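In the text below, chain A, chain B and the rest are named by the order of the sequence lines, each starting its count at 1. Just so it is clear, the structure is predicted and the values come from calculations on it, not from any experiment.
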Protein chains: 2
Amino acid sequence: MSSATLKKYYEGAEKILVAIDCIIFGFDKETLKLLLFKRKIAPFAGEWSLIGSFVQSGESVPEAAQRVLEESTGLNNVYLEEMGSYSDLQRDPGSRVISIAHYALIRLDEHKQQLVETHQARWFPYDDLPDLILDHQEMTQNALAKLRRKARYQPIGFELLPEKFTLPQLQLLYQAIYQKKLDRRNFRKKILSMKILEKLDEKDKTNSRKGAFLYRFDEKKYQELERKGMNFEL
Amino acid sequence: MSSATLKKYYEGAEKILVAIDCIIFGFDKETLKLLLFKRKIAPFAGEWSLIGSFVQSGESVPEAAQRVLEESTGLNNVYLEEMGSYSDLQRDPGSRVISIAHYALIRLDEHKQQLVETHQARWFPYDDLPDLILDHQEMTQNALAKLRRKARYQPIGFELLPEKFTLPQLQLLYQAIYQKKLDRRNFRKKILSMKILEKLDEKDKTNSRKGAFLYRFDEKKYQELERKGMNFEL
DNA sequence: ACAAAAGTGTTTAGCTTACACCCATGG
DNA sequence: CCATGGGTGTAAGCTAAACACTTTTGT
């Protein structure tokens, strides 16, 4: 093939705006929350929206997603997962844009509250969200579906908890993700039998007089088990 | 925001070439296969590659993927699933391209052999693939990983078999997907207990003198069970 | 009659589920 | 001393796993 034809091959194709949008999950006490933003630009200025940005020519998709996360939460070591593209021709009246949606799991206690204010953002309980622009509602629903599925075979739930957490807290989290109650004894048995938690000597007394022991997720132990082919199931 | 700023918002962003690439799975007797193509254009003309195409301005990502599938196999009702984006800045030396990879499951008996020839394509056993260009090797590995995971909770395996198939055939397929042997009696028990197969009166005698009964996948029964919340597990 | 693949049940072990009482502490 | 949430064990039912012989039929 001649270099002229090659040129035509790549240049004959249409370039398209590529955006990324982030569904940011957090977990507070017993509810799953989403970080939403008041959109600053037209169309739909002033309405609630996911946070997003265009992919720049100098960055890959994961880099763009990390950048957005850092700009909006101040965090740079965030669990981030691509969840698919949204490409309807009419999805954005402003222009033809293909968006690659991502969901992120962040620890509410770590993110910079100040940035939330700067961005006119707000945490909403997952089951009490405002109307969202464009196809952001659909993205949001797909994100929870993916999160649920993923949480079944990988311990990503821990990404939503502080470094030290109690078993009751962990159970509340999984209950929030699966939207159903779990038996306390069975939950404990199962999670402890996986041996991926390190029990600490401290107690957290914010929720009861007796206090609950704090645990820490042991990444190393988990990865060992994973290599040996364990299956993490609720 | 003024319309000038708006203009700047969308126009200030960089447009990027967006491609889709398809990992096309087939199943033959007892091996999982991939349809690969001799690349016609530079760079890498003449080397083996997945089939792909740029997303046109008039089509969505799923539409582009279907188009590619139809052009390369002649099939238009194909099981097709997006599996993620590939966006390294240097991934394609020809130009900066973001590719959204998809995997497809097709029935070897249905696709048009003639098109395979037209495209200088060839079916390769999954575990004996030639070197592939760009990041196509990585895509291929990710595709099988996704297929395996997905096959655990959705009966997508059937997309790889002809409409009528025998239980031994089905078992061979799942063994190929999971790369491990399954017990014949347990497999049968499990699959039949799901009640998603319709037993026919015909036998297929191509593989034995006795012959094996043919079955058909019952989409309706499956969807009913799905609504009631069954879990499809190997 | 025999070779080659299809078909069929039972037993055992492990896992999941359901369930109720005592413990520690701060007020 | 009592109210509140944290912690613990066991029995029953169910699902998964292991395992070997009979059936059919073309040659």
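Following rounding to the nearest Å, B/L182 (CG) and D/dA16 (P) show an atom-to-atom distance of 13 Å. Residue A/K190 contributes atom NZ, which lies 20 Å from atom C1' of D/dG7 at whole-angstrom precision. Look at CG on A/N207: it is 15 Å from C1' on D/dA3, rounded to the nearest Å. Residue A/D204 contributes atom CG, which lies 18 Å from atom P of C/dA24 at whole-angstrom precision. Regarding B/Q169, its CD atom lies at a distance of 11 Å from the P atom of C/dG7, rounded to whole Å.
Remark: the backbone N or O of A/S60 is not paired with any side-chain donor or acceptor of B/S87 at under 3.5 angstrom.
Dashed line: the shortest gap from a side-chain N or O of B/K205 to OP1 or OP2 of D/dG26 is under 4.0 Å.
Counting non-hydrogen atoms under 4.0 angstrom, A/N186 reaches a base of the nucleic acid. Looking at heavy-atom distances under 4.0 Å, A/K189 makes contact with a base.
Figure legend: cation-pi geometry between A/R122 and A/F124, with NZ or CZ positioned under 6.0 Å from the six-membered ring centre and within 45° of its axis.
Between A/K210 and A/R185, it is A/R185 whose nearest contact on DNA chain C lies nearer the 5' terminus. Closest-nucleotide positions on DNA chain C for A/R184 and A/R209 were compared, and the one nearer the 5' end corresponds to A/R184.
Ring orientation note: the planes of B/H111 and B/W123 are nearly perpendicular, at an angle over 60° on the 30°/60° scale.
Taking the six-membered ring for Trp and the full ring otherwise, the centers of A/F217 and A/F165 sit at least 6.0 Å from each other.
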